[in-house]
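It should be emphasised that the depicted structure is a prediction, and the values quoted were computed from it without experimental measurement. If you read the sequence from its start, that first residue is 1, and numbering goes on from there.
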Amino acid sequence: MEIELKEGVAAAVSLVTDDILLKEKTAELGGRLGTALGNIDLASLQGNGGSLIVARYGKVLLGAYALFVIGSLAFNAVSMSMLGNSMGKSLFAVTSLLSEMGGDGGGSVKMMMILAYIGAGLPIVWPDRRAWLALLLPLVATLWAIFAVMKIMDSLGGGIMGDMSDLISIDFGFYLSLVAAIALAAGGVKRFLRTA
């Protein structure tokens, strides 16, 4: 609510729309982040439709990052089929699956995935050319996650129930995340070498 005062008395009361509240909260958060990160002008990063971010990364890298996030969070990377039912997990959700199945790497894979999501923004806040190497994190996280899944699948082979690893398959989310992560890694290394 917005209250208009005239001579210390409430003259009018009106509702503030959600878009105005969102802009105010974004500006407030931007100011706090800017102070915390060395007075980075986040408002200039938002200006002109994010053109500074597009200029810094390029459309290809931003598209690859978007595909990595979508592929690793929204699409199934691993599926398990049993008795005609299929259950899938995204690459990020695989960390919980690893912990449930006795994988010792569940927590470390989740931490690596979180670092991969956050690390892509490092070139904005750290102007050093080494910041571009953070774009290797999605590739490392993707490969680490699938390596941990393969290790679990190998441990399920044999035993009383036969080869359980045949029930687990790699799905589209993994391949989409992998291709996007390779594009990010190649772009990051290219930017690192170009600014050397």
Side-chain angles (χ1 to χ4, degrees), residues 22-23 25-34 36-79 88-98 105-150 170-196:
L22 183 61
K23 286 179 185 178
K25 292 295 182 187
T26 303
E28 180 183 343
L29 179 62
R32 288 182 182 175
L33 283 174
L37 298 173
N39 294 325
I40 295 169
D41 187 10
L42 292 179
S44 69
L45 294 176
Q46 297 170 353
N48 300 324
S51 62
L52 184 60
I53 293 174
V54 173
R56 180 97 170 123
Y57 285 92
K59 291 179 181 177
V60 173
L61 281 181
L62 288 175
Y65 178 71
L67 286 177
F68 174 73
V69 170
I70 292 168
S72 63
L73 292 174
F75 291 105
N76 290 340
V78 177
S79 290
K89 295 267 188 187
S90 69
L91 194 59
F92 187 76
V94 162
T95 57
S96 300
L97 181 68
L98 289 172
S108 59
V109 173
K110 183 176 270 191
M111 180 57 73
M112 184 57 79
M113 291 297 294
I114 291 170
L115 287 175
Y117 297 135
I118 296 171
L122 191 60
I124 290 177
V125 296
W126 187 32
D128 191 278
R129 71 185 184 96
R130 292 173 290 182
W132 289 109
L133 294 177
L135 296 181
L136 292 167
L137 289 172
L139 181 59
V140 171
T142 302
L143 293 176
W144 192 349
I146 207 61
F147 175 75
V149 169
M150 295 294 190
I170 306 300
D171 272 347
F172 177 72
F174 166 71
Y175 296 111
L176 179 62
S177 300
L178 181 63
V179 169
I182 289 171
L184 282 170
V189 169
K190 184 177 176 183
R191 297 283 176 98
F192 171 75
L193 295 174
R194 188 171 60 190
T195 56

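Remark: F174 pairs with no residue by the ring pair (Phe, Tyr, Trp, His ring centres under 6.0 Å) rule, at least two apart or across chains. Residues passing the salt bridge (Lys or Arg N to Asp or Glu O under 4.0 Å) test with R56: none are found, sequence neighbours excluded. Under the rule for a ring pair (Phe, Tyr, Trp, His ring centres under 6.0 Å), the partners of F172 that lie at least two apart in sequence or sit in another chain are F75. Every residue two or more places apart in sequence or in another chain that forms a side chain to side chain contact (heavy atoms under 4.5 Å, CB included) with A145 is listed here: L91, V109.
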Next item on the list: Give the intermediate values and the outcome of side chain to side chain contact (heavy atoms under 4.5 Å, CB included) for residues R194 and R191.
Entry: CA-CA 5 Å; R194 188 171 60 190; R191 297 283 176 98; 2.8 Å; yes
Next item on the list: Mind running side chain to side chain contact (heavy atoms under 4.5 Å, CB included) on F192 and L135 for me, showing each step along the way?
Entry: CA-CA 10 Å; F192 171 75; L135 296 181; over 6 Å; no
Show me, pair by pair, the donor-acceptor contacts under 3.5 angstrom made by side chains of residues 182-189, not counting sequence neighbours?
none

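Between F68 and Y117, the distance separating the two ring centers is shorter than 6.0 angstrom.
Of the possible polar contacts, one joining the Y57 side chain to the A120 backbone as a donor-acceptor pair under 3.5 Å is found.
The shortest distance between side-chain heavy atoms of I146 and I170 falls below 4.5 Å. Contact annotation: the side chain of K89 never approaches that of N76 to less than 4.5 Å [non-hydrogen atoms, C-beta and beyond]. In this structure, L61 and W132 have side chains that are in contact, with non-hydrogen atoms separated by less than 4.5 Å.
Note that CG of L178 and CG of L67 are 12.5 Å apart. Values are rounded to the nearest 0.5 Å. With rounding to the nearest 0.5 angstrom, the CD1 atom of I118 is 10.5 Å from the CG atom of L137.
For P138 against T142, the heavy-atom pair with the smallest separation is O-OG1, 2.8 Å. In plain terms, the two heavy atoms of S72 and S177 that are nearest each other are N-OG, 3.1 Å. When every heavy atom of L122 is checked against every heavy atom of A134, the shortest pair comes out as CD2-CB, 3.8 Å.
Sorted by first then second residue, the salt bridge (charged side-chain N to carboxylate O under 4.0 Å, His left out) pairs that include residues 130-143, not counting sequence neighbours, are D128-R130.
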